[in-house]
Student: 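Would you mind keeping the following structure in view while I ask a few things?
Order of the sequence lines sets the chain letters (A, B, ...), proteins ahead of strands, with each chain counted from 1.
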There are 2 protein chains.
Amino acid sequence: MPFAEYQHCLCFNLRRATRAITQYYDHALAGSGLRATQLPILARLAPGPMTMSDLAAWLGMDRTTLVRNLRPLEEANYVASAPRARGRQLELSLTEEGAALLRKAYPLWKEAQTSLTRSLGDARWAALIADLATAGETISAGRN
Amino acid sequence: MPFAEYQHCLCFNLRRATRAITQYYDHALAGSGLRATQLPILARLAPGPMTMSDLAAWLGMDRTTLVRNLRPLEEANYVASAPRARGRQLELSLTEEGAALLRKAYPLWKEAQTSLTRSLGDARWAALIADLATAGETISAGRN
DNA sequence: TCAATGAAAGTGCATATGCACACTTAACCG
DNA sequence: CGGTTAAGTGTGCATATGCACTTTCATTGA
């Protein structure tokens, strides 16, 4: 009976850890009105506008997922979208409210980030993230 | 301007990697009719029945999330639920169809697992998963 | 010029996730 | 015996995720 082997599923173990850590950041950010999943979107737009497709590629998520994830951010006026000259491209930009929210969330995020970093130490976290990136590149290379 | 710091958010990097790896397993399992998220549920029930709460705790997910995740599995008759004598407890068990599906999915899962394992090697994956478990325990300990 | 092509964005569907809250019932207690 | 408490489960809401398919529009080519 090979069922015990499923317990070592890398996908499952990763998802379980990600659930726990996402909750941790969500609780830390609770007072800010931002979720852990929304913060990277705003942060990536802070240096300057981007198109929808480029932002989705950078975030490593399906383009159509980003369409929905942006909706509450646009309704709250944290992100603005405007058509660009070329083709149907949309230019997404951070509004002043969005920038203000990022500044407000920063200490909450920083506290969670620092505290979680301490659990393993900088070096091991860096290695872990680098390893995950390596694995991610390996499997996307396999699609070519 | 501290916005560049957000790029190193552990939560974001974990979530991005998890998205990629979940897709990888989902594609590998495509022919089986099972998703990467459903496989651990069936696998955990294979050795014997469990209650809803115990299963949710083992999976490390919110109990109410499990209620929904079980719905398609019950409708497809892979999992059966029956009330138990004590309290309102529900006893969840794998049906014969569920067990058959697990057997069918095994080679597909095994191929994905083996292939992904090769990307870093056994040792580094084991260390990575162990580190994530350590971090997870640290942050849940902080809630007491 | 106009049809074909291709790029960019959006929709419908199904599942995944967790919080706040409600419901049900067994056990416990006066 | 009746009221309270605690445990176990389910619902409503909002967001997260990706696939198949559609829509829109600029560019390319005959």
Student: Determine the contact category for S53(A): base if any of its heavy atoms lies under 4.0 Å from a base atom, sugar-phosphate if only primed atoms, P, OP1 or OP2 are that close, otherwise nothing.
Tutor: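 Here S53(A) touches the backbone only, sparing every base.
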Student: Mind checking the CG-CZ spacing from L94(A) to R44(A)? Nearest 0.5 Å is all I need.
Tutor: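 So the gap between those two atoms works out to 12.0 Å.
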Student: Have a look at R19(B) and say if it touches a base, only the backbone sugar-phosphate, or nothing, with a 4.0 Å heavy-atom cut-off.
Tutor: sugar-phosphate
Student: Check the distance between dA16(D)'s C1' and L14(B)'s CG and give it to me in whole angstrom.
Tutor: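 Checked: the CG to C1' distance equals 16 Å.
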Student: Rounding to a whole Å, what distance do you find between F12(A):CZ and dT17(C):P?
Tutor: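 Value for this atom pair: 10 Å.
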Student: Taking the minimum atom-to-atom distance to the side chain of T64(A), which one of dC19(D), dA20(C), dA9(C) wins?
Tutor: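 Nearest nucleotide to the side chain: dC19(D).
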Student: Using a cut-off of 4.0 Å on non-hydrogen atoms, how would the nucleic acid contact of R63(B) be classed: base, sugar-phosphate, or nothing?
Tutor: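 Base contact - R63(B) has a heavy atom under 4.0 Å of at least one base atom.
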Student: Identify which nucleotide among dG10(D), dT15(D), dG18(C) has an atom closest to any side-chain atom of P72(A), counting heavy atoms from C-beta outward.
Tutor: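 Shortest atom-to-atom distance from the side chain points to dT15(D).
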Student: Which residue in the set L70(A), N69(A), T95(A) passes side-chain contact (heavy atoms from CB on, under 4.5 Å) when paired with V79(A)?
Tutor: L70(A)
Student: Is there a side-chain polar atom (N or O) of N69(A) under 4.0 Å from OP1 or OP2 of dT15(D)?
Tutor: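 No, because none of the side-chain N or O atoms of N69(A) sits under 4.0 Å from OP1 or OP2 of dT15(D).
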Student: Check the side chains of R15(B) and T22(A) for a donor-acceptor pair under 3.5 angstrom, ignoring hydrogens and angles.
Tutor: yes
Student: Quick check: closest heavy atoms across S81(B) and L92(B), and the distance to 0.1 Å?
Tutor: CB-CD2, 3.5 Å
Student: OP1 or OP2 of dC19(D) sitting under 4.0 Å from any side-chain N/O of H27(B)?
Tutor: yes
Student: Give the nucleotide from the list dA9(C), dT17(C), dT17(D) with an atom nearest to the side chain of T65(B).
Tutor: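 Between dA9(C), dT17(C), dT17(D), the one nearest the side chain of T65(B) would be dT17(C).
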Student: Once you apply a heavy-atom cut-off of 4.0 Å, does T37(A) come out as touching a base, just sugar-phosphate, or nothing?
Tutor: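 The answer is sugar-phosphate, as T37(A) gets under 4.0 Å only of primed atoms, P, OP1 or OP2.
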Student: For dT11(C) and R71(A) - does any side-chain N or O of the residue sit under 4.0 Å from the phosphate oxygens OP1/OP2?
Tutor: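 Yes, such a contact exists.
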Student: For the residue pair Q113(B) / Y25(B), report whether a side-chain donor-acceptor contact shorter than 3.5 Å exists.
Tutor: yes
Student: Counting only side-chain nitrogens and oxygens, does R35(A) get under 4.0 Å of the OP1 or OP2 atom of dT15(D)?
Tutor: no
Student: For the side chain of D62(B), counting heavy atoms from C-beta on, which of dA9(C), dG18(C), dG18(D) is nearest?
Tutor: dG18(C)
Student: Base, sugar-phosphate, or nothing for R15(B), non-hydrogen atoms under 4.0 angstrom?
Tutor: sugar-phosphate
